[in-house]
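The following block contains the structure, expressed as structure tokens.
Predicted, not measured: the structure shown is a model, and the values here were computed from it.
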Amino acid sequence: MKHRSTELVLAVMLSLPMAATAVAADAPQAAAAKPTAVANVKPVAADAQRVIPLQGAWNVRTFAGLQGSKGPIPADAFVRTADLGRLTDVDRDALAAAGVKLDIDLRTADEEAQSPDLLAKDDRFAYQRISLMGTDKMDLQKMMTSFPDSLGEAYVQWLGHSQPQFKQVFQRIAAQQDGAVLFHCTAGKDRTGIIAGLLLDLAGVPKAEIVHNYAISAHYLEGQPKDSAMNAQIMALVKQNPEIARKMAGMAGMAGTAPDNMEQFLAALHSQYGGAEGYLKSIGVSEQEIQQLKVRLGQAG
């Protein structure tokens with residue numbers, strides 16, 4: 001039950017829009033612990049080729065051109081993004097034109113109910129929701145106070161707590177024979193970022209590039225709307241509960257994508273499992289499935 005509770009805490013906090021912790025820090029109860037904002041890592045010129053500009057979604061990017069151990073990752077392999085609840089018709093056409101065939105929604109049932117994925121009912125896309133952190137109803141007030149002290153620590157815990165869900169995600173990707181695989185959560189930086197990190201590590205992309213690919217998410221999320229129903233619930237709790245307000249006031253880093261978070265995750269991934277391939281084997285992803293993932297990543301042979 002402790003692991004289930006931790007997963008739900010992670011799901012709550014990682015579903016927060018980018019500005020949630022900043023709002024929390026301005027709550028009167030948290031004034032004494034107001035954090036210092038961390039500057040976002042800026043994209044470089046090479047990142048531009050990977051951006052898919054959409055009207056109703058943020059942080060929409062491919063892995064195009066990132067160098068793996070055996071060559072560049074194809075442009076039509078993967079698309080990572082944030083919430084898809086505001087997609088326009090033009091956006092859906094653009095994703096279809098980009099070759100997307102499968103949409104993997106990493107969110108909880110609560111998140112999906114609050115912001116339905118607009119690709120789910122479009123016949124051009126297969127859709128599957130695989131929550132990385134549980135699907136139970138969330139009691140926010142009970143869970144908010146036990147979140148880890150950093151996102152990097154949360155990501156490392158996640159590797160152990162959510163192994164069946166990780167296995168399901170990677171097996172579903174491996175089973176997809178054609179088209180690009182899109183995967184997303186709410187903010188498009190944490191659950192999405194860790195799936196991206198595992199894929200890029202499996203491909204043999206250098207650590208510095210994996211960290212950079214993660215860290216620029218905060219820049220691409222700067223315009224994302226902050227009006228979700230879950231955010232409203234959390235802000236109401238912050239105003240009413242000093243303990244929650246103090247906890248969130250120390251969480252400024254959790255609203256961003258500081259490089260240290262991914263560095264901590266990758267260090268644990270390699271020290272505990274020998275890297276992404278070792279991790280996937282340890283959770284039951286087969287050799288054949290791993291090979292299929294490498295084919296999609298352009299790293300076969």
Side-chain heavy atoms of L84 within contact of H184, under 4.5 Å: yes

Would you mind reporting whether L266 and I210 have side-chain heavy atoms less than 4.5 Å apart? yes

Side chains of F183 and V79: does their closest heavy-atom pair fall under 4.5 Å? no

Between R50 and N213, does any side-chain donor sit less than 3.5 Å from a side-chain acceptor? no

Between E111 and R191, is there a salt bridge with N-O shorter than 4.0 Å? yes

Would you say that L202 contacts L297 through its side chain, given a criterion of any heavy-atom pair below 4.5 Å between the two side chains? yes

Considering all heavy atoms, the nearest A215-T257 contact: O-OG1, 2.7 Å

Identify which one of I194, D260, N261, V156 satisfies the side chain to side chain contact (heavy atoms under 4.5 Å, CB included) criterion when paired with L151. N261

Might you work through the side-chain hydrogen bond (donor to acceptor under 3.5 Å, both in side chains) test for Q128 and D103, ending with a clear yes or no? CA-CA 6 Å; Q128 186 167 357; D103 169 16; over 6 Å; no

Residues R92 and D122 bridged, charged N to O under 4.0 Å: yes

Would you say the side-chain atoms of E289 pair up with the backbone N or O of S286, donor to acceptor, closer than 3.5 Å? yes

Specify whether W158 and F166 have parallel, tilted or perpendicular ring planes, treating 30° as the upper limit for parallel and 60° as the lower limit for perpendicular. tilted

Between atom CG of D110 and atom CD of E112, what is the distance when rounded to the nearest 0.5 Å? 10.0 Å

To the nearest 0.5 Å, what is the distance between CZ on F125 and CG on L118? 11.0 Å

Before accepting this row, confirm whether a basic side-chain N of the pair R124/D93 lies closer than 4.0 Å to the acidic partner's carboxylate O. yes

Would you check, one step at a time, whether the test side-chain hydrogen bond (donor to acceptor under 3.5 Å, both in side chains) holds for Y127 with D117? CA-CA 9 Å; Y127 171 81; D117 186 318; 4.7 Å; no

From Q264 CD over to Y155 OH, what is the distance, rounded to the nearest 0.5 angstrom? 10.5 Å

Tell me the closest heavy-atom pair linking P259 and V211, and the distance in Å. CB-CG1, 3.6 Å

Side chain to side chain contact (heavy atoms under 4.5 Å, CB included) between S115 and R107, intermediate numbers included: CA-CA 10 Å; S115 181; R107 301 173 302 160; 3.8 Å; yes

Classify the side-chain pair S217/N59 by whether it contains a donor and acceptor separated by less than 3.5 Å. yes

Carboxylate-amine/guanidinium contact K294 E277, below 4.0 Å: yes

Stepwise side chain to side chain contact (heavy atoms under 4.5 Å, CB included) test for R296 and Q292: CA-CA 6 Å; R296 174 171 287 278; Q292 290 168 330; over 6 Å; no

Please assess Q165 against S131 for the test side chain to side chain contact (heavy atoms under 4.5 Å, CB included), listing each intermediate value before the final yes or no. CA-CA 7 Å; Q165 292 91 339; S131 172; 5.9 Å; no

Using a 4.5 Å cut-off on heavy atoms from C-beta on, say whether the side chain of R172 contacts that of L102. yes

For K281 and E287, run salt bridge (charged side-chain N to carboxylate O under 4.0 Å, His left out): C-alpha distance rounded to whole Å, both residues' side-chain angles, the deciding distance at 0.1 Å, then the answer. CA-CA 7 Å; K281 289 178 180 177; E287 294 274 5; 3.4 Å; yes

A side-chain contact here means heavy atoms from C-beta on lying under 4.5 Å apart; do L119 and L95 qualify? yes

For Y214 and D190, run side chain to side chain contact (heavy atoms under 4.5 Å, CB included): C-alpha distance rounded to whole Å, both residues' side-chain angles, the deciding distance at 0.1 Å, then the answer. CA-CA 9 Å; Y214 165 82; D190 299 301; 4.3 Å; yes

Euclidean distance, I52 CD1 relative to T81 OG1, rounded to 0.5 Å: 8.5 Å

For the atom pair CG (L200) and CD1 (I195), what is the distance rounded to the nearest 0.5 Å? 11.5 Å

Do Q299 and S69 come within less than 4.5 Å of each other through their side chains, counting heavy atoms only? yes

Consider only side-chain N and O atoms of Q176 and D178, and report whether a donor and an acceptor are under 3.5 Å apart. yes

Pairing of D91 and R86 as salt bridge, 4.0 angstrom limit: no

Calculate, to the nearest 0.5 Å, the distance between atoms CD and OG1 belonging to Q114 and T186 respectively. 8.5 Å

Do any N or O atoms from the side chain of Y220 and from the backbone of W58 form a donor-acceptor pair under 3.5 angstrom? no

Are L293 and I173 packed together at the side-chain level, in the sense that at least one heavy-atom pair is separated by less than 4.5 angstrom? yes

Should the ring pair F78 and F63 be called parallel, tilted or perpendicular, given that the plane angle runs from 0 to 90° and is split at 30 and 60? tilted

Greater than 12 external heavy atoms within 6.0 Å of K121's NZ: no

